Amino acid sequence: MKEEFIRALKNNDLNVMKTIPKSDLHNHSARGGNIKYIEDWIGKSIARPSDKFKNLHEMQLWNNKNINPLFRGLLGYEKRIEAAFAQAQNDGIKVLNMSIDADVIFHYGYQVEKLIDQLERLHHSFAPNVIFIPEIGFKTSTHIDIMCLLLELALSKKYFKSIDVYGNEPTIPTLKKVYRRAKEKGLILKAHVGEFGTADLVKKAVEELELDQVQHGIAAASSKSVMKWLNDNKIQLNVCPTSNVLLSRVEKYNVHPIRKLYDNGVKVTINTDDMLIFNKSVSEEFLNLYDAGVFNAVELNEIRLNGLADYLHV
Ligand SMILES: [Zn+2]
């Protein structure tokens, strides 16, 4: 598979690239579908962002205007999830660690088993070749008491295997209670940090929440000592290059700090974040990093295997 992957990169062959096993470990499910898939469903074209977003708030406004109105109620929600599974299947994603926002339990009358039934149905119908690792996700704006209640509901069935928080950079002391409980239950601990915040915040979040993996974490590249610490502690960063460029965190691919992280021994993976907005698959992310000269093909293959190693014998 290594030789095929390397050849696909060198030939810029997206079709072959899509047949090679990859992972997506940073995927927000409801925004994880392919725009064309949704366009076929609604029978009309959907706007693409015309320029980079200045910040997360600007992206949210654009999303509220252009994407959210397309999806109504429970049917709309399940179509989003269907599209995310279909995208993973189509792109040759072998391991999909996809985040399900805890707020959606509300759609199912707070009966988590009904949500799980639908997730299983959609997984088996639209992504039968994909190993799905369900993740329970929380917005950092959710009140801690609500978070704790939703976590207990989610954990009442042994279904979710990891936890993530996202939105504005987390207030770490508040979240400790949630992460302790998730750790007790054996979940993989992840959080969005270091997308907008600092290297020190990445280290603090990993230390205090006992994270196994960081979503983004690219700010760590500004500190040699934090990168060394992440390497020493085998902390994986699930990086989303196009998201970072379109959210104005990074000017362009060829100066993406993922290179510096890699050179300093930090374990990285390549992921999509929000395909419905950023419109780049994992296969395309690999091709873009290769074309921009950020990594050579052998290095990209090593990064591809990073995302599979915990779940497959590769
Ligand atoms: Zn994200």
Side-chain angles (χ1 to χ4, degrees), residues 2 22-27 95 97 99 133 135 137 140 161-166 169-241 243-244 249-250 255-271 273 282 285-286 289 294-314:
K2 178 185 172 187
K22 297 169 294 294
S23 62
D24 193 357
L25 312 178
H26 183 158
N27 177 314
V95 176
N97 185 201
S99 174
I133 316 286
E135 176 168 286
T140 48
K161 303 287 189 293
S162 62
I163 183 173
D164 183 20
V165 296
Y166 36 79
E169 298 275 314
T171 316
I172 294 162
T174 318
L175 289 171
K176 271 189 181 175
K177 201 168 141 190
V178 167
Y179 277 78
R180 290 289 173 277
R181 182 71 179 135
K183 190 179 171 78
E184 259 174 43
K185 289 287 188 174
L187 271 61
I188 300 165
L189 308 184
K190 301 161 71 178
H192 277 57
V193 61
E195 178 184 13
F196 302 98
T198 62
D200 286 343
L201 189 64
V202 173
K203 184 179 176 194
K204 190 173 155 70
V206 173
E207 260 180 333
E208 297 198 13
L209 302 178
E210 300 184 65
L211 302 179
D212 303 296
Q213 301 176 19
V214 173
Q215 305 297 71
H216 296 298
I218 54 170
S222 66
S223 164
K224 277 262 182 203
S225 65
V226 171
M227 286 191 284
K228 181 177 184 317
W229 186 85
L230 291 170
N231 180 13
D232 290 346
N233 288 281
K234 308 261 175 293
I235 305 300
Q236 176 173 300
L237 306 191
N238 298 321
V239 179
C240 309
S243 166
N244 299 146
R249 306 316 302 154
V250 173
V255 294
H256 196 289
I258 192 170
R259 177 75 230 183
K260 204 166 175 186
L261 292 163
Y262 175 91
D263 286 339
N264 283 271
V266 181
K267 187 176 175 189
V268 293
T269 65
I270 306 291
N271 311 274
D273 210 1
V282 174
E285 294 281 2
F286 276 113
L289 289 170
V294 180
F295 292 111
N296 67 38
V298 173
E299 290 166 339
L300 284 170
N301 190 56
E302 182 195 324
I303 291 170
R304 177 181 74 87
L305 296 179
N306 282 346
L308 297 171
D310 289 343
Y311 307 95
L312 302 173
H313 296 291
V314 290

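Since the structure is predicted, the reported quantities are computational estimates derived from the model, not experimental observations. Positions are given from 1, in the same order as the sequence printed here.
The distance from the CG atom of N27 to the CD atom of Q215 is 10.0 Å, given to the nearest 0.5 Å. For the atom pair K190 NZ and Y179 OH, the distance stands at 9.5 Å (nearest 0.5 Å). Distance CD1/I133 to OG/S99: 13.5 Å, rounded to 0.5 Å. Between atom CG of residue D24 and atom SG of residue C240 there is a gap of 7.5 Å, rounded to the nearest 0.5 Å. Rounding to the nearest 0.5 Å places CG of L308 at 12.5 Å from CD1 of I303. Rounding to the nearest 0.5 angstrom, the gap separating the CG atom in L237 from the CD1 atom in I270 is 11.0 Å.
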Query raised in the report: Does the pair L175 and V165 meet the rule for a side chain to side chain contact (heavy atoms under 4.5 Å, CB included), with working shown?
Result: CA-CA 9 Å; L175 289 171; V165 296; 4.0 Å; yes
Report task. May I have the step-by-step check of side chain to side chain contact (heavy atoms under 4.5 Å, CB included) for I258 and F295, ending in yes or no? Result -> CA-CA 9 Å; I258 192 170; F295 292 111; 3.7 Å; yes
Requested in this report: Please lay out, stage by stage, how I172 and L201 fare under the test side chain to side chain contact (heavy atoms under 4.5 Å, CB included).
Outcome: CA-CA 9 Å; I172 294 162; L201 189 64; 3.6 Å; yes
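V298 has its side chain out of reach of E302: every pair of non-hydrogen atoms, C-beta onward, lies at least 4.5 Å apart. Side-chain contact between N233 and V206 is absent, with no heavy atoms from C-beta onward closer than 4.5 Å. Looking at heavy atoms from C-beta onward, T140 lies out of side-chain contact with T171 at the 4.5 angstrom threshold. With contacts defined as side-chain heavy-atom distances shorter than 4.5 Å, the pair R304/F286 qualifies. Contact annotation: the side chain of D273 never approaches that of N244 to less than 4.5 Å [non-hydrogen atoms, C-beta and beyond]. Put simply, the side chain of L189 reaches to within 4.5 Å of the side chain of I163, judged on heavy atoms. Using a 4.5 Å heavy-atom cutoff, the side chains of Y311 and L25 are in contact.
Smallest separation of non-hydrogen atoms from M227 and A220: CG-O, 3.3 Å. Between D212 and L187, the shortest heavy-atom contact is OD2-O, 4.2 Å. Considering all non-hydrogen atoms of both residues, V214 and V202 come closest at CG2-CG1, 4.4 Å. Minimum interatomic distance between N271 and P241 (heavy atoms only, all atoms of both residues): O-CD, 4.1 Å. The two residues K260 and N264 have their closest heavy-atom pair at O-ND2, 2.8 Å. Taking both residues in full, the closest heavy atoms of G194 and E169 are given as N-OE1, 2.9 Å, listed atom of the first, atom of the second, then distance.
With N238 as the partner, the side chain to side chain donor-acceptor pair (under 3.5 Å) test is satisfied by one option alone out of D164, N97, T269: T269. Paired with V239 under the rule side-chain contact (heavy atoms from CB on, under 4.5 Å), one option of H256, H26, E285, H216 passes, and it is H256. Checking K183, R181, K176 one by one against E210, the salt bridge (charged side-chain N to carboxylate O under 4.0 Å, His left out) holds for a single residue, K183.
Panel note: side chain E299, backbone N296; a donor-acceptor pair is recorded below 3.5 Å.
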